[in-house]
2 protein chains.
Amino acid sequence: MPISASQRRSLAQAPRCQTCSLSSLCLPLALQIEDISQFDAIIRRRAPLKKGEALFHQGERFSSVFAVRSGSLKQVTSEGNGEDQLTNFYLPSELVGLDGIDDECYPGSVVALETTTVCEIPFKHLDALSEQLPELRGQLYRSMSKELRDDRRMMRLLSRKTADQRLATFLTTLSDRFRRRGYSPYSFRLSMARADIGNYLGLAVETVSRILSRLQSQQVVAVSGREVNILDMPRLITLADEETPT
Amino acid sequence: MPISASQRRSLAQAPRCQTCSLSSLCLPLALQIEDISQFDAIIRRRAPLKKGEALFHQGERFSSVFAVRSGSLKQVTSEGNGEDQLTNFYLPSELVGLDGIDDECYPGSVVALETTTVCEIPFKHLDALSEQLPELRGQLYRSMSKELRDDRRMMRLLSRKTADQRLATFLTTLSDRFRRRGYSPYSFRLSMARADIGNYLGLAVETVSRILSRLQSQQVVAVSGREVNILDMPRLITLADEETPT
DNA sequence: CCGCTTTATTGACCCAGCTCAATCCGGCCT
DNA sequence: AGGCCGGATTGAGCTGGGTCAATAAAGCGG
């Protein structure tokens with residue numbers, strides 16, 4: 001079964017889901033080989049985004065969701081008046097844009113934190129394909145459901161946790177996401193600025209900086225610029241959800 | 001076209017989507033008459049929940065989502081250690097349980113705030129039906145997407161807004177939800193305790209109480225126990241998202 | 001390699017909202 | 001009716017983390 005167009009694209013170095021190292025984490029996760037190529041066919045590759053470039057802007061018409069292939073992004077919502085709110089960081093294999101389905105506009109801008117490549121998945125096609133492929137549909141429901149769950153965890157963090165717990169949670173969560181992707185959970189590079197971390201966690205930059213310094217002086221982590229080494233993971237995990245003395 | 005079983009149920013006072021006053025807000029929103037009866041067929045009615053009763057408990061196996069028919073509920077997540085976090089209030093026509101799809105467990109308990117009736121929609125059937133009815137599928141995607149968007153608004157509230165702004169936002173949002181459901185946006189009854197409001201908004205009960213008193217003394221609202229009258233809606237809306245005096 | 005700009009760290013001070021504690025109120029049961 | 005109990009209000013202080021300000025260090029373009 002020759003799929004010449006697709007093959008030519010592949011030879012011309014357009015990557016395909018079948019050969020993507022993320023396929024075990026990404027949307028096609030549950031698909032059979034023969035279904036993956038159907039899925040692959042609706043995907044549009046994109047030129048890599050440079051650091052600071054937007055994948056899309058808040059208010060733009062919703063048309064596609066995107067799977068992160070490499071790099072990382074942040075989602076920022078501006079809501080009229082004052083400050084922006086950074087609502088999410090996206091790592092490879094994660095799905096961007098699901099919150100735009102409802103009112104057909106992206107509710108926030110998504111911006112690359114470093115050189116980043118994404119796969120564009122036109123939602124119309126994704127929806128149509130999800131009619132034929134129950135596994136794909138299930139995976140899509142699951143992705144959205146997981147994001148809902150993560151959001152609720154974030155609400156808990158924002159409304160109940162101290163600044164120290166927030167930072168500890170942020171680091172353990174990132175660490176875990178790296179581990180799942182096959183990277184070291186102990187040593188990694190932050191692709192976001194301190195200001196982004198603060199904005200995301202509901203803290204002032206200065207607080208983020210102070211707490212990282214403190215964690216460092218307590219030998220829990222070693223931080224140098226954006227390089228992070230977790231020295232005492234159990235302690236960090238303890239800090240993340242226990243505490244609250246009294 | 002006689003659907004005798006269903007009709008008999010209807011006569012025996014089991015309600016049906018076709019006659020439900022919420023149908024224009026609820027899941028079947030986009031369906032044709034003939035499709036609604038298919039949808040109606042998979043729904044299980046439930047005995048009303050009394051105040052304080054749980055629809056389901058955190059950790060229970062996920063099997064169904066629920067549409068609120070009357071009354072209201074709160075979702076509470078316990079996360080191991082200390083405090084609970086109240087992550088959502090649900091009003092009639094809203095869908096409960098969508099965050100349980102992913103890992104097949106409900107990630108929080110959902111408890112009735114007053115006498116409440118719900119329609120149970122077994123997810124297996126809903127998924128299967130969503131294969132045949134693109135409109136239903138779309139509506140489901142939209143519901144989840146909307147919940148994601150609302151969550152992000154909540155994150156913004158929790159991480160950037162002052163206590164006064166939070167209360168004002170809470171009241172305007174509730175007001176709007178009542179309006180959409182055909183109730184007065186100016187005068188309504190809170191079904192939740194102050195403690196619930198505080199927990200939801202990330203504030204101490206005392207703060208909620210103090211701010212309600214202050215809003216009252218400023219003639220923005222009149223509060224008496226759980227009865228709320230919004231006296232100055234424009235002012236309340238202003239309080240909700242502007243402010244931040246520098 | 002050198003300024004220049006952006007980002008990060010550290011210190012000093014202050015205040016919004018928390019905690020603790022004392023009522024107060026309303027519903028409900030006997 | 002009266003008493004009781006849980007929820008709500010109000011007051012008094014305390015403090016975590018914000019703000020403002022001053023460096024320091026890291027990119028980065030030339």
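Naming: A, B, ... by sequence-line order, numbering from 1 per chain. Quick note: numbers below take in every heavy atom, side chains included, and nothing from hydrogens, waters or symmetry partners.
At a non-hydrogen distance threshold of 4.0 Å, A:G202, A:L203, A:A204, A:E206, A:T207, A:R210 from residues 192-220 of chain A come into contact with DNA chain D.
Of the residues near DNA chain D, A:R166 and A:G225, the one whose nearest nucleotide (by heavy atom distance) lies more toward the 5' end is A:R166.
Sorted by first and then second residue, the salt bridge (Lys or Arg N to Asp or Glu O under 4.0 Å) pairs involving residues 188-214 of chain A (not counting sequence neighbours) are A:K74-A:D196, A:D164-A:R214, A:R189-A:E227.
Taking all atoms of both residues into account, the shortest heavy-atom contact from A:P92 to A:S70 is CG-CA, 4.0 Å. When all heavy atoms of B:M233 and B:P185 are compared, the pair lying nearest together is CE-O, 3.7 Å. Contact detail for B:P107 and B:G100: the closest heavy-atom pair is CD-CA, 3.9 Å.
Taking atom CG of residue A:D164 and atom P of nucleotide D:dT15, one finds them 16 Å apart after rounding to whole Å. Summarising the geometry, the separation between CG on A:L167 and C1' on C:dT9 is reported as 14 Å, rounded to the nearest angstrom. A straight line from CD of B:E114 to C1' of D:dG7 spans 17 Å, rounded to a whole angstrom. Going from atom CG of B:L113 over to atom C1' of D:dG7 covers 15 Å, rounded to whole Å. For A:E227 and D:dA26, the CD to C1' distance is 14 Å, given to the nearest whole Å. If you take CG of B:L190 and C1' of D:dG7, they are 14 Å apart, rounded to a whole angstrom. The separation between A:L157 atom CG and D:dG17 atom P is 12 Å, rounded to whole Å.
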- So A:F188 and A:Y183, ring pair (Phe, Tyr, Trp, His ring centres under 6.0 Å) or not? Walk me through it. CA-CA 8 Å; A:F188 48 84; A:Y183 298 110; over 10 Å; no
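Taking the six-membered ring where the residue is Trp, A:F66 and A:Y106 present tilted rings, their angle falling between 30° and 60°.
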